[in-house]
Amino acid sequence: MIKVVNPNTTESMTRSIEASARRAVGPGTSVIAVSPAMGPVSIESHYDEALSVPGLLTEITGGASADGYVIACFGDPGLDAAREVASGPVVGIAEAAMRAATYLGRSFTVVTTLARTTGRAQELVDRYGVRPYCRNVRACDVPVLELETDPGARGRIVAECRAALETDGAEVIVLGCAGMADLCTALTAELGVPVVDGVAAAVAAVEGLLRLGLGTSRSGEYAPPPSKPYQGALAHFGLA
Ligand SMILES: NC(=O)NC1=NC(=O)NC1=O
């Protein structure tokens, strides 16, 4: 079973993420999507991202045990910490989407939500070693929760995707938010190029790793954290 963790607390997004994840796996693989009880309703800043990590980690260390995990937020928050404590492989949607894009073309552009989140996406491009493929990180300037409510959101995302193809020379589009997962099929048909949804790419990556019998190395950086007391509320949330 693959557990997909939406690090924000918006249930409707978690259900949309779960639907995308279930479309991406084979018949023998079960998927659940969960949200933590504590944390931001959406993640659109470094502050949001920092405050999402404790709740995210409680879903990795507690709740239903899983064979592998997906972190379903485009900043890949808490990814390294999750790999230290998770029982199976952990893949973030940004890493999975960017790596998948490199299999499909020589160039990709990320289309994300607010402009202020593009810096984080650029950092991840460098961290994941895909800079030679990344033409640009574009923002449609639609707040995360308005992806579901703003009737103009889809049009703004399409406009940035078309600019990516026509101006950036991108051959592949990476959707830079888990909240865009439900647009992937329609955008692929409309744009005529591969459009990668990180939720599906990450779930497929975890499913493949599990099929190969592969999990996170416990030798070195991702070994379990040294045992120590954790003071205050963290103990209450099972993070001690
Ligand atoms: N760049 C983003 O908008 N990332 C995200 N914020 C969320 O709350 N979920 C995401 O995927």
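Counting starts at 1 for both ligands and their atoms, following the listed order. Residues take their numbers from the sequence shown, with the count starting at 1.
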Which value, rounded to the nearest 0.5 Å, describes the distance between C140 atom SG and L147 atom CG?
6.0 Å
In this structure, atom 6 (N) of ligand 1 is nearest to the protein heavy atom I43 O, 2.7 Å
If we check side-chain contact (heavy atoms from CB on, under 4.5 Å) with P7, which of these qualifies: V53, L51, D76, I43?
I43
Only pairs under 3.5 Å count here: list side-chain donor-acceptor contacts from residues 185-208, not counting sequence neighbours, and write none if there are none.
unit_1 : atom_1 : unit_2 : atom_2 : d
T188   : OG1    : C184   : O      : 2.8
E190   : OE1    : R154   : NH1    : 3.1
E190   : OE1    : R154   : NH2    : 2.9
D197   : OD1    : V199   : N      : 2.9
D197   : OD2    : S20    : OG     : 2.6
D197   : OD2    : A200   : N      : 3.2
E207   : OE2    : G26    : N      : 2.8
E207   : OE2    : T29    : OG1    : 2.6

Should you measure from each heavy atom of S42, which atoms of ligand 1 turn up under 4.0 Å away?
8 (O)
What atoms of ligand 1 come closer than 4.0 angstrom to any heavy atom of C177?
3 (O), 5 (C), 10 (C), 11 (O)
Does G176 reach ligand 1 with a nitrogen or oxygen that is under 3.5 Å from one of the ligand's nitrogen or oxygen atoms?
yes
Would you give the length of the straight line joining atom CG of L175 to atom CD1 of I157, rounded to the nearest 0.5 angstrom?
7.5 Å
Considering only non-hydrogen protein atoms, determine which one is nearest to atom 3 (O) of ligand 1 and report residue, atom name and distance to 0.1 Å.
T113 OG1, 2.8 Å
Are V91 and L210 connected in the hydrophobic side-chain network, where two residues link if heavy atoms are under 4.5 Å apart?
yes
Using distance alone, decide if ligand 1 has a nitrogen or oxygen within less than 3.5 Å of any nitrogen or oxygen in T112.
yes
Ranking C73, A94, P40 by closest non-hydrogen atom to atom 9 (N) of ligand 1, top hit is C73
Rounded to the nearest 0.5 Å, the CZ atom of R131 sits from the CG atom of D126 at a distance of 4.0 Å
Is it true that M180 and I93 fall in one hydrophobic cluster, defined by side-chain heavy atoms closer than 4.5 Å?
no
Please could you name the atoms of ligand 1 that T117 approaches to less than 4.0 Å, counting only its heavy atoms?
1 (N)
For the 3.5 Å polar cut-off, considering only N or O atoms, please tell me whether A178 and ligand 1 meet it.
yes
Measuring from non-hydrogen atoms of G75 to any atom of ligand 1, is the shortest distance under 4.0 Å?
no
